[in-house]
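Chain identifiers are assigned alphabetically (A, B, ...) following the order of the sequence lines, protein sequences preceding nucleic acid strands; residue numbering begins at 1 within each chain.
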Amino acid sequence: MEPDPLVLRLRSRDTSALDEVYARYHERIFRFLLRLSGKRHVAEDLFQETWLAVARDAHGIAESSDLSAWLFAVARNRHRSHRRWAMLDVTRVFSFASESEDIAPSPEGEVEARAEAKVAREAFDRLTPAFKEVLLLAVGEGLDAPRVAEVLGCTPEAARQRLSRARAELAGAIEKGNNRGSKKRVSS
Amino acid sequence: MSDDPIAKAIESLPDEPIAPKLAADVLRKARLSLEAEKSAISRLDHFLMDKLMPAALSAVVVWYGFGLVDFFERTYGSSAPENRSAAAEVEVPGELVEHPVEIAVVE
């Protein structure tokens, strides 16, 4: 496989290459971190850490690497590191547990948000981080199985299996949420 | 929008764009960091940490391994007889030695 010229330029610490990579990927990386962490200020911190790590480790990226997979892997590692520290920090345990509830409402307001979307969000929040990661990468960012596997550090087959289990888990949680919602509506 | 309920669920997740000011600030910091990485001191640091340090550690591990083998040889190997087969033939008085026993069959 021909190495990506952008990767080669990034390896040689070309700042214009960094600009190009940033312009192409910064929105996707932020969205990934925001959805993964569920907290805007955490996503912003991790976003900054991710790009500083990209600049610091740019010389170490393998020539054959897929750039998007490498960037998402850096972002994912930042998030994993954050989670580990949050679990060690007793004072942050409670805020960490409720991270997903702290997302600022969209400009239209939570009132106008559709019930289905709300159920889906709640169901997604209940998933394990491993399932969230694979769903966001494969479904949210449209990465194929080999790229997802590269980000997660597993085989493509393992990534496919994890995605399948994550989809089943999310579908079950959505269905459960919908049933609960319809029961509420009937009783009221 | 997709018909896939899972894709719909993912699409419904928050997708607020990053603040332009923050985005510009992060890019500026990343560029500064990349520029710093280009400096001679930084390159030397990378050479020391990425190349020289692992090589030195590997050399120490190998040297220590040889030393350990040498130590065991000196400690436990020195008292062993030079010629094991010759030593085995020497009959030590009082040591139980098996001799073939002839059994007479009585009719």
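- Closest approach of A:Ala58 to B:Leu34, counting heavy atoms only: CB-CD1, 4.0 Å.
- Both the backbone and the side chain of A:Ala171 come within less than 4.5 Å of a heavy atom of chain B.
- Put simply, the side chain of A:Lys132 does not reach to within 4.5 Å of the side chain of B:Leu13, judged on heavy atoms.
- Residue with the most contacts toward chain A among B:Ala9, B:Ala19, B:Ala30: B:Ala30 (heavy-atom pairs, distance under 4.5 Å).
- When all heavy atoms of A:His59 and B:Asp50 are compared, the closest pair comes out as NE2-OD2, 3.7 Å.
- In terms of heavy-atom pairs under 4.5 Å with chain A, the best-connected choice from B:Ile10, B:Asp15, B:Ile18, B:Asp25 is B:Ile18.
- Shortest non-hydrogen contact noted between A:Gln48 and B:Val26 is OE1-CG2, 3.8 Å.
- Residue B:Leu44 is found in a hydrophobic cluster whose other members, listed by chain and number, are B:Phe47, B:Leu48, B:Leu52; membership requires side-chain heavy atoms under 4.5 Å apart, directly or through intermediates.
- Proximity to chain B (any heavy atom under 4.5 Å) is restricted, for A:Ile174, to the side chain, taken from C-beta onward.
- Put simply, the side chain of B:Arg31 reaches to within 4.5 Å of the side chain of A:Asp19, judged on heavy atoms.
- At distances below 3.5 Å, not a single donor-acceptor pair connects side-chain atoms of A:Tyr22 with backbone N or O atoms of B:Ala24.
- The candidate with the highest count of non-hydrogen atom pairs below 4.5 Å against chain B, out of A:Glu27, A:Arg56, A:His26, is A:Arg56.
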